[in-house]
Amino acid sequence: MLPAVADAVRAARSVVALTGAGISAESGVPTFRGEEGLWRSFRPEDLATADAFARDPSLVWRWYRWRRQIIAGVRPNPGHVALARLEARLPRFTVLTQNVDGLHGLAGSASVVELHGNIWRARCTVEPGRIVDERPSGPSCSPDSNELPRCGCGALLRPDIVWFGETLDAGVLAQAAEAVRTCDVLLIVGTSGLVYPVAALPEAARHAGATLVEINVARTSLTVIMDHVLRGPAGVVLPALDAAV
Ligand code: BJW
């Protein structure tokens, strides 16, 4: 199976990697679903919706500060690095990631589209165009802080993350749709494929004639439409693929 995937990647004019929480699991970032996923201990409707933020912004910010602390302490793993290495060698390679941890960029990937935002950015609740970069340091990273971060205009800041019931940035979604429509190979790495509209991208790629490859430790809702399945941890499978291409 790996040699066939390597052949397809080598021959491709354009490759896209669609990644999810599973690629960062080996770095120590918790996934959302599954045995040890965040949604086992936290209810998404209490933390990851605009209603939850309106009800209790302190609770939501505490949760994000806790996650920022975890992410501040981790490094990209061999899976992230393998994607960056493939990008450096192939004619066109794009990472579409649902992850908000920024680890693809840290690993050296240059062409990265962050579909669900970035945990290190906050944005104004009144003027959404005002974005504040809050990289590790300062009170916004300490989970003990109850301080609510504010924009220069005085309004509350919120995490620049796409919550349930919110639409993805139209430009970002259009970029993703174009990338999958024009790719020859789509690598689908460490995602359960349950969250829309991102979960519809593999079908769009298939419709446009791409070869679909799933890299995951477990079967997912997308497995049934795959051309190839590489079962195993992304931190092992992706370096093996990089070596074989
Ligand atoms: C490994 C591994 C290793 C582990 N190696 N693999 C139908 C159509 C359109 C929309 C909807 C619809 N039905 C419902 C909706 C609404 C909703 C939705 O999709 N709900 C579903 C849950 C049913 N979607 C939305 O609300 C989206 N907006 C939208 O659709 O706007 C239009 C609209 C507006 C109003 C009403 C209706 C429509 C927005 C979704 C935003 C999602 N945001 C989140 C979290 C925000 C909080 C935060 O991060 O701080 O994004 S949800 C969460 O799930 C996070 C992730 O990016 C996303 C995807 O999760 P992912 O990455 O797949 O992780 P897991 O944990 O699910 O899976 C991990 C995988 O890794 C597993 O498969 C493991 O096996 C694997 N793995 N270790 C390889 N080492």
Side-chain angles (χ1 to χ4, degrees), residues 17-53 59-71 74 76-80 82-83 95-104 113-123 158-170 172-173 176-177 187-204 213-224 226 229-241:
L18 172 62
T19 68
I23 194 168
S24 293
E26 290 157 82
S27 290
V29 182
T31 61
F32 292 92
R33 298 165 188 84
E35 287 297 307
E36 292 175 18
L38 289 169
W39 298 154
R40 280 282 163 123
S41 322
F42 303 98
R43 284 157 36 100
E45 52 274 41
D46 291 342
L47 298 160
T49 67
D51 281 352
F53 187 71
L59 175 73
V60 173
W61 266 117
R62 272 205 305 281
W63 191 60
Y64 278 97
R65 284 169 173 150
W66 169 70
R67 287 178 56 208
R68 279 180 174 184
Q69 272 217 325
I70 296 174
I71 290 167
V74 306
N77 66 58
H80 297 106
L83 292 184
V95 175
L96 305 178
T97 189
Q98 298 167 86
N99 299 345
V100 298
D101 55 33
L103 291 179
H104 285 297
V113 180
E114 291 178 324
L115 296 157
H116 288 163
N118 188 297
I119 200 161
W120 296 111
R121 284 195 312 261
R123 71 168 190 264
R158 58 160 280 178
D160 190 20
I161 283 183
V162 184
W163 285 327
F164 284 112
E166 295 185 327
T167 49
L168 278 67
D169 177 88
V172 162
L173 193 55
L187 306 173
I188 298 145
V189 187
T191 178
S192 57
L194 291 172
V195 174
Y196 285 84
V198 173
L201 293 174
E203 182 55 52
V213 182
E214 179 170 72
I215 296 163
N216 200 304
V217 290
R219 191 178 171 81
T220 73
S221 56
L222 297 171
T223 305
V224 66
M226 294 298 132
V229 175
L230 301 177
R231 197 57 80 222
V236 174
V237 174
L238 286 171
L241 178 60

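Whatever order the structure lists them in is the order used to number ligands and atoms, beginning at 1. Remember, predicted model here, so these are calculated numbers, not experimental data.
Among Trp39, Phe164, Phe42, the residue whose heavy atom lies closest to atom 20 (N) of ligand 1 is Phe164. Taking each of Thr191, Thr19, Leu230 in turn, the one with a heavy atom nearest to atom 61 (P) of ligand 1 proves to be Thr191. Distances from atom 22 (C) of ligand 1 to the heavy atoms of Leu194, Val189, Leu222, Val60 show the closest one on Leu194. By heavy-atom distance, the residue among Asn216, Thr97, Asp101 lying nearest atom 73 (O) of ligand 1 is Asn216. Of the candidates His116, Glu35, Glu214, Arg219, the one placing a heavy atom closest to atom 57 (O) of ligand 1 is His116.
In this structure, atom 31 (O) of ligand 1 lies nearest to the protein heavy atom Glu166 O, 3.1 Å. Scanning all protein heavy atoms for the shortest distance to atom 69 (C) of ligand 1 gives Gly190 O, 3.7 Å. Shortest contact from atom 26 (O) of ligand 1 to any protein heavy atom: Gly165 N, 2.7 Å. Atom 44 (C) of ligand 1 has Val162 O, 4.1 Å as its closest protein atom, hydrogens excluded (heavy atom only). Protein heavy atom in closest approach to atom 19 (O) of ligand 1: Tyr196 N, 2.7 Å. Scanning the protein heavy atoms around atom 47 (C) of ligand 1, the nearest turns out to be Tyr64 OH, 3.2 Å. The shortest contact between atom 79 (C) of ligand 1 and any protein heavy atom is with Ala234 N, 3.6 Å. For atom 3 (C) of ligand 1, the nearest protein heavy atom (residue, atom name, distance) is Gly22 O, 3.3 Å.
Put simply, the residue from Thr220, Val189, Leu187 that forms a side-chain contact (heavy atoms from CB on, under 4.5 Å) with Glu214 is Thr220.
Distances from atom 16 (C) of ligand 1 to the protein include no heavy-atom value under 4.0 Å. When distances from atom 9 (C) of ligand 1 to the protein are checked, a heavy atom turns up under 4.0 Å. Atom 76 (C) of ligand 1 is approached by the protein to below 4.0 angstrom, counting heavy atoms only. Within a 4.0 Å radius of atom 40 (C) of ligand 1, the protein contributes at least one heavy atom. Protein heavy atoms are absent from the 4.0 Å sphere centred on atom 13 (N) of ligand 1. For atom 33 (C) of ligand 1, the nearest protein heavy atom is 4.0 Å or more away.
Judged by distance alone, with hydrogens and angles left aside, the side-chain atoms of Glu26 form a donor-acceptor pair with the main-chain N or O of Gly235 at under 3.5 Å. Listed for the Thr97 side chain is a donor-acceptor partner under 3.5 Å among the backbone atoms of Asn99. With hydrogens and angles ignored, the 3.5 Å screen pairs no side-chain donor or acceptor of Arg158 with any backbone N or O of Ala122. Side chain of Ser24 to main chain of Ala21: no donor-acceptor pair is present (N/O by atom type, distance under 3.5 Å, no hydrogens or angles). Remark: the backbone N or O of Ile119 is paired with a side-chain donor or acceptor of Arg68 at under 3.5 angstrom. Between the side chain of Thr49 and the backbone N or O of Ala52 there is at least one donor-acceptor pair closer than 3.5 Å. In terms of modelled atom types and a separation under 3.5 Å, the side chain of Arg231 and the main chain of Ala218 share a donor-acceptor contact. Remark: the backbone N or O of Ser192 is paired with a side-chain donor or acceptor of Ser221 at under 3.5 angstrom.
By the 6.0 Å and 45° rule, Arg67 stacks over the aromatic ring of Trp63.
Residue contacts with ligand 1, taken as heavy atom pairs separated by less than 4.0 Å, involve Arg33 via backbone and side-chain atoms alike. With a heavy-atom cut-off of 4.0 Å, Leu115 does not touch ligand 1 at all. Within the 4.0 Å heavy-atom criterion, the part of Ala25 lying near ligand 1 is the side chain and not the backbone. Within the 4.0 Å heavy-atom criterion, the part of Ile161 lying near ligand 1 is the side chain and not the backbone. Contact annotation: for Gln98 versus ligand 1, heavy atoms closer than 4.0 Å belong to both the backbone and the side chain.
The structure places CH2 of Trp39 at 6.5 Å from CG of Leu47, a figure rounded to the nearest 0.5 Å. For the atom pair Leu222 CG and Thr191 OG1, the distance stands at 7.0 Å (nearest 0.5 Å).
Considering only heavy atoms from C-beta on, Val74 comes within 4.5 Å of Leu103 through its side chain. Taking 4.5 Å as the limit, some side-chain heavy atom of His80 sits within range of a side-chain heavy atom of Ile23. When side chains are defined from C-beta on, Trp163 counts as touching Val60, because their heavy atoms get closer than 4.5 Å. Looking only at side-chain heavy atoms (C-beta outward), Asp101 and Ile70 stay at 4.5 Å or farther from each other. Taking the side chain as every heavy atom from C-beta outward, Asn118 and Asp160 never approach each other to under 4.5 Å.
Those atoms of ligand 1 with a heavy atom of Thr31 less than 4.0 angstrom away are 66 (O). In summary, the atoms of ligand 1 found under 4.0 Å from a heavy atom of Ala21, numbered by their order in the structure, are 61 (P), 62 (O), 64 (O). Heavy-atom contacts of Pro233 reach the following atoms of ligand 1: 5 (N), 80 (N) (cutoff under 4.0 Å). Interface atoms of ligand 1 facing Pro197, defined by a heavy-atom separation under 4.0 Å, are 30 (O). Listed by atom number, the atoms of ligand 1 under 4.0 Å from Gly20 heavy atoms are 62 (O). Here is the list of ligand 1 atoms found below 4.0 Å of a heavy atom in Glu26: 3 (C), 5 (N), 80 (N). In the vicinity of Arg67, heavy-atom distances shorter than 4.0 Å reach the ligand 1 atoms 48 (C), 49 (O), 50 (O). Close approach of ligand 1 to Ala218 is summarised as follows: ligand atoms under 4.0 Å from at least one heavy atom of the residue are 75 (O).
Geometrically, ligand 1 and Trp163 share no nitrogen or oxygen pair separated by less than 3.5 Å. Of the N or O atoms in Thr220, none lie within a sub-3.5 Å distance of an N or O in ligand 1. Geometrically, ligand 1 and Val195 share no nitrogen or oxygen pair separated by less than 3.5 Å. Close N/O approach between Phe32 and ligand 1 is found [any backbone or side-chain N/O within under 3.5 Å].
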Can you check side chain to side chain contact (heavy atoms under 4.5 Å, CB included) on Leu115 and Val162, steps first, answer last? CA-CA 8 Å; Leu115 296 157; Val162 184; over 6 Å; no

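Taking the six-membered ring where the residue is Trp, Phe53 and Trp61 present perpendicular rings, their angle passing 60° and hence far from 30°.
Taking both residues in full, the closest heavy atoms of Glu114 and Gly102 are given as OE2-CA, 3.9 Å, listed atom of the first, atom of the second, then distance.
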